[in-house]
Amino acid sequence: MTSATQPVSASGRALHAMRANSQRLSIDSWRPYVGIVGVLLGAIMSTLGTRVTTLGLADLRGGLHVGFDEGAWMTTSFGVGQMLIGVCCPIWEAS
């Protein structure tokens, strides 16, 4: 640092030293928090999707003209689709 840019007063020197020694937040320090928020959002969205499917199952069965036994497979296929997407997401993210 040149003499023209050095602080003049004692408080200026103290603030300048404090700023030089302070650690700045980097993206690596936020990574765990972003990951936790992503997992929580995924869990909430999965739960909401399952609830909507379960609550609307009677209307879906009526609209598709299927019985109770065939309608039970709709929630199963929805769950299988969610599991497959959950397995494939890390593969898409890695590439």
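Numbering starts at 1 and runs along the sequence shown.
- Contact detail for F78 and T50: the closest heavy-atom pair is CE2-N, 3.8 Å.
- In this structure, OG1 in T53 is found 9.0 Å from CE in M74, a value given to the nearest 0.5 Å.
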Next item on the list: Mind running side-chain contact (heavy atoms from CB on, under 4.5 Å) on L57 and R61 for me, showing each step along the way?
Entry: CA-CA 6 Å; L57 189 59; R61 280 194 324 238; 4.0 Å; yes

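- Between the CG atom of L40 and the CE atom of M45 there is a distance of 13.0 Å, given to the nearest 0.5 Å.
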Margin query: Does L64 form a side-chain contact (heavy atoms from CB on, under 4.5 Å) with E70? I'd like the steps, not just the answer.
Written below: CA-CA 10 Å; L64 295 173; E70 294 89 3; over 6 Å; no

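- To the nearest 0.5 Å, atoms OG (S77) and CG (L84) are separated by 11.0 Å.
- V66 and W73 are members of different hydrophobic clusters when ILVMFWY side chains are connected at heavy-atom separations under 4.5 Å.
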